[in-house]
Amino acid sequence: MSVEADAGRLKTEADEPGWEVDPDDEWGVAVIATVGRQLKLRREAVGMRAAEFGRAVGYGEDLVYKIEGGKRIPRQEYLVKADEVLGAGGLVAATWEDVKKVRYPKKVRALGEMEGKAVELQLYDPLNVHGLLQTAEYARGLLLMRRPAYAADEVERFTAARVARKTVFERDPVPEVSFVLEEWTLRRPLGGGEVLRRQLEHLLELGQLRNVELQVMPMEREEHAGVDGGIEVLKFADGSAVGRSPVVANGRPVSEPRQLRILELRYGIIRAQALTPRESTAFIERLLGET
């Protein structure tokens, strides 16, 4: 099978950082290895060499081998183009449904799975607007601030992963979700003034949901139980719970009752010290008017 070579520069690993397979992610390794093996078999079945196929899809030969060997996660556009070149009738493109389930880092998937099962979430982030509340633009602006800097492709991948977690608001039945936000995180214009405006508008929209409570901790508060860092407590239908905080078990998830009691005690005090949900809505509306 002959194809017309792509006249443009072929992509290499340097063009797509952040799409490596985590060797400790057993499920991810298995999925990507299976997809890669199918790609190789189909390429060989039509009599194409890796270099020829790479030129046809716009990728370097080395990257083709790594994708086929299960060492790299193929992007959706790669699978779509491969489907066209190999004449697979949509079967190769359809493998994206499996790939997209493992394209995010294992720890992000694990967190998303727990959030997806929780019937109650108690969340406090002292540094930024919590990830579940972030717009894509705000998340991207935040990720661009990281040092050492993420590559552009990594920023987009992590932004997509963060936005994907927001399906927690679309579940049926919906979970009860409580957030405490720091005032200063609502004033800092990460990504610019327009990005902040849209973020504040998004908070007001989420605050209208019956199962969501947003509370703001004003900077003027003289007492604050959250000085030790963020808190996450997720409760499940069977009565179990899991929590996490930097000062408890070095930030690892905990489910032991004594440690959970400490986290819930701290979170309860933080909520009592913050503005009420109604006061917080008025506060965010005022900030939006000033932005």
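The analysis underlying the following values was restricted to heavy atoms, covering all of them including side chains, and did not include hydrogens, waters or symmetry mates. In this text the structure is predicted, and so the values were computed from the model without any measurement.
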Kindly determine whether Leu79 and Leu39 satisfy side-chain contact (heavy atoms from CB on, under 4.5 Å), including the steps that lead there.
CA-CA 9 Å; Leu79 295 172; Leu39 284 166; 4.1 Å; yes

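- To the nearest 0.5 Å, atoms CG (Leu123) and NE2 (His130) are separated by 4.0 Å.
- A salt bridge links Arg198 to Glu194: one of the charged nitrogens lies within less than 4.0 Å of a carboxylate oxygen.
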Walk me through it: do Ile231 and Gln122 pass the test side-chain contact (heavy atoms from CB on, under 4.5 Å)?
CA-CA 8 Å; Ile231 298 173; Gln122 301 173 342; over 6 Å; no

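- Ring to ring, Tyr59 and Tyr78 are close: their centroids are under 6.0 angstrom apart.
- For Glu176, the salt bridge (Lys or Arg N to Asp or Glu O under 4.0 Å) test picks out no residue, with sequence neighbours left out.
- Tested against Leu234, the residues Lys117, Glu115, Glu120 include a single side-chain contact (heavy atoms from CB on, under 4.5 Å) partner, Glu115.
- A donor-acceptor pair is defined here as one N or O able to donate and one able to accept, closer than 3.5 Å; no such pair exists between the side chain of Ser240 and the backbone of Phe236.
- Between the side chain of Arg171 and the backbone N or O of Ala118 there is at least one donor-acceptor pair closer than 3.5 Å.
- Between Leu203 and Leu181 there is a side-chain heavy-atom pair separated by less than 4.5 Å.
- For the pair Arg42/Val92, a side-chain contact is recorded, criterion being any heavy-atom separation below 4.5 Å from C-beta on.
- Here the side chain of Ser280 pairs a donor or acceptor atom with the backbone of Val216 at under 3.5 angstrom.
- Shown here for Arg266 and Ala225, the closest heavy-atom pair between the two residues is NE-O, 3.7 Å.
- Side-chain contact between Arg252 and Arg244: absent, with no pair of heavy atoms (C-beta onward) separated by less than 4.5 Å.
- Among pairs with a residue in residues 214-223, those fulfilling side chain to side chain donor-acceptor pair (under 3.5 Å) read Gln215-Arg271, at least two apart in sequence or across chains.
- The side-chain heavy atoms of Leu144 and Tyr150, taken from C-beta on, include no pair separated by under 4.5 Å.
- Two residues are said to be in side-chain contact when any heavy atoms from C-beta on lie closer than 4.5 Å; Val64 and Glu61 fail this criterion.
- Under the salt bridge (Lys or Arg N to Asp or Glu O under 4.0 Å) criterion, Glu97 pairs with Lys100, not counting sequence neighbours.
- A salt bridge links Glu68 and Arg43; the closest N-O separation between the charged side-chain nitrogens and carboxylate oxygens is under 4.0 Å.
- A donor-acceptor contact shorter than 3.5 Å links the side chain of Glu279 to the backbone of Thr276.
- Every residue meeting the salt bridge (Lys or Arg N to Asp or Glu O under 4.0 Å) condition with Glu201, not counting sequence neighbours, appears here in chain and number order: Arg197.
- For the pair Asn211 (side chain) and Pro175 (backbone), a donor-acceptor distance under 3.5 Å is present.
- Taken together through direct or relayed side-chain contacts under 4.5 Å among Ile, Leu, Val, Met, Phe, Trp and Tyr, Val80 and Val99 form parts of separate hydrophobic clusters.
- You'll find the side chain of Gln134 reaches within 4.5 Å of the side chain of Leu142, heavy atoms only.
- The shortest heavy-atom contact between Pro218 and Leu275 is CG-CG, 3.6 Å.
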Between side-chain atoms of residues 184-191 and protein atoms elsewhere (two or more places apart, or another chain), which donor-acceptor pairs fall under 3.5 Å?
from	atom 1	to	atom 2	distance (Å)
Trp184	NE1	Pro126	O	3.3
Thr185	OG1	Glu182	O	2.6
Arg187	NE	Glu183	OE2	2.7
Arg187	NH2	Glu183	OE2	3.1
Arg188	NH2	Leu127	O	3.0
Arg188	NH2	Asn128	OD1	2.5

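- Here the closest non-hydrogen pair linking Phe53 and Ala82 is CZ-CB, 3.6 Å.
- Glu52 contributes atom CD, which lies 9.0 Å from atom CZ of Arg49 (distance to the nearest 0.5 angstrom).
- Val31 and Val29 fall within a single hydrophobic cluster, where Ile, Leu, Val, Met, Phe, Trp and Tyr are joined by side-chain heavy atoms under 4.5 Å apart, directly or via other members.
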Could you walk me through whether His224 and Met217 satisfy the side-chain contact (heavy atoms from CB on, under 4.5 Å) test, starting with their C-alpha distance in whole Å, then the side-chain angles of each, then the deciding distance to 0.1 Å, before giving a yes or no?
CA-CA 9 Å; His224 194 330; Met217 177 69 80; 3.5 Å; yes

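- Every residue meeting the side-chain contact (heavy atoms from CB on, under 4.5 Å) condition with Leu204, not counting sequence neighbours, appears here in chain and number order: Thr281, Ile284, Glu285, Leu288.
- Distance alone, capped at 3.5 Å, is enough to place a donor-acceptor pair between the Thr135 side chain and the Tyr138 backbone.
- Around the NZ atom of Lys40, the shell of radius 6.0 Å holds no more than 12 heavy atoms that belong to other residues, nucleotides or ligands.
- A heavy-atom distance below 4.5 Å is found between the side chains of Val85 and Lys81.
- A ring-centre distance under 6.0 Å is not found for Tyr124 and Tyr267.
- In this structure a side-chain-to-backbone donor-acceptor pair under 3.5 Å is present from Asp83 to Ala93.
- A single hydrophobic cluster is not seen to contain both Leu121 and Val180; linkage of ILVMFWY side chains at heavy-atom distances under 4.5 Å, directly or through other members, places them apart.
- When the side chains of ILVMFWY residues are joined at heavy-atom separations under 4.5 Å, either directly or via intervening members, Leu206 and Val195 end up in a single hydrophobic cluster.
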Stepwise side-chain contact (heavy atoms from CB on, under 4.5 Å) test for Val35 and Gln38
CA-CA 5 Å; Val35 171; Gln38 290 300 314; 5.8 Å; no

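- Looking at heavy atoms from C-beta onward, Phe169 lies in side-chain contact with Leu133 at the 4.5 angstrom threshold.
- A salt bridge links Glu156 with Arg140: the distance from a Lys NZ or Arg NE/NH1/NH2 to an Asp or Glu carboxylate oxygen falls below 4.0 Å.
- Note on Met145 and Val155: same hydrophobic cluster, where clusters join Ile, Leu, Val, Met, Phe, Trp and Tyr whose side-chain heavy atoms are under 4.5 Å apart, directly or indirectly.
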